[in-house]
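Down below is the structure, laid out as structure tokens.
Here, residue 1 is the first one in the sequence, and each next residue gets the next number. Whatever order the structure lists ligands and atoms in, that order sets their numbers, starting from 1.
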Amino acid sequence: MRYAILGDIHSNLEALQAVVREAHKLKVNRFVSVGDIVGYGPNPQECMDLLESLPCMSVAGNHDQAVAGVTDFSGFRKEAQDGILWTRENCDAAHIQQLESLPLVYEGSDLSVVHASLFQPDQWEYVLSKYQAFVSMGCQKGLVCFYGHTHLPVIFRSDGEIFPLIGDPITLSGGYRYFVNAGSVGQPRDANPCACLLIFDAKALTLEMHRVAYDIAETQKKIRQAGLPEVLAVRLTYGR
Ligand code: ZN
């Protein structure tokens, strides 16, 4: 089974379409979304509909739950709050219901998925250190768990090793656990504006990060037309 792991999509349809096209070329069988399908960007419903058309499962991100009214977002940055309110106004009841029904954690036979951390997943901790990753891995049943939230691709291994997720494929070894951040499809923050597409081959146990160029100018145009905060358009140019 070959999985495409999709990190924080954030209503960026052009990025999602480009990543899905590339994933099909790479002979992927299934898609997995680590949550934050919506928020920030101009096409929440279109992104949800595209995921629905694929063999894809998704967990809930904090933005998904904020839009659905499940989680409090008063602590979000101003531009994120504006994005939540805009998304609420621009989604119909069926799509809001869909967001509300996303699970916090998915446990499959090949992989686990969570948006922030397996330790108290509804607390939306940003896992940036090996200690935080270790705590999450303490709640992890299988070899690998994929997560998002920080928009920074990285591999944490249960012995404390940290590996960058760039370039050559990386083979997972059965003696460890891995907590892997898939980066972000719709709003990369690692100074590379190209969308992240992480491929997990569950038979070969390999991880392969692809970066996919997409029509950033088109997304920026839509963000401005929607009246969303300007910073949300500008940051896409820089991958910040
Ligand atoms: Zn996010």
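With side-chain heavy atoms closer than 4.5 Å counting as contact, directly or through intermediates, the hydrophobic cluster containing Leu104 also holds Val105, Val114, Leu118, Trp124, Val127, Met137, Tyr147, Val154, Phe156, Ile162, Phe179.
One finds the OH atom of Tyr40 at 7.5 Å from the CZ atom of Arg77 (value rounded to the nearest 0.5 Å). Once rounded to the nearest 0.5 Å, the distance linking NE2 of His63 with OG1 of Thr71 reads 10.5 Å. To the nearest 0.5 angstrom, Phe163 atom CZ is 4.0 Å from Arg157 atom CZ.
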Practice item. Go through the steps to decide whether Asp190 and Arg211 satisfy the test salt bridge (charged side-chain N to carboxylate O under 4.0 Å, His left out), and finish with yes or no. Key: CA-CA 12 Å; Asp190 61 345; Arg211 300 304 288 257; 2.8 Å; yes
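The count of protein N, O or S atoms under 2.8 Å from the Zn ion (ligand 1) stands at 4, with waters excluded from the count.
Residues Met209 and Leu152 are members of separate hydrophobic clusters, defined by side-chain heavy-atom contacts under 4.5 angstrom among Ile, Leu, Val, Met, Phe, Trp and Tyr.
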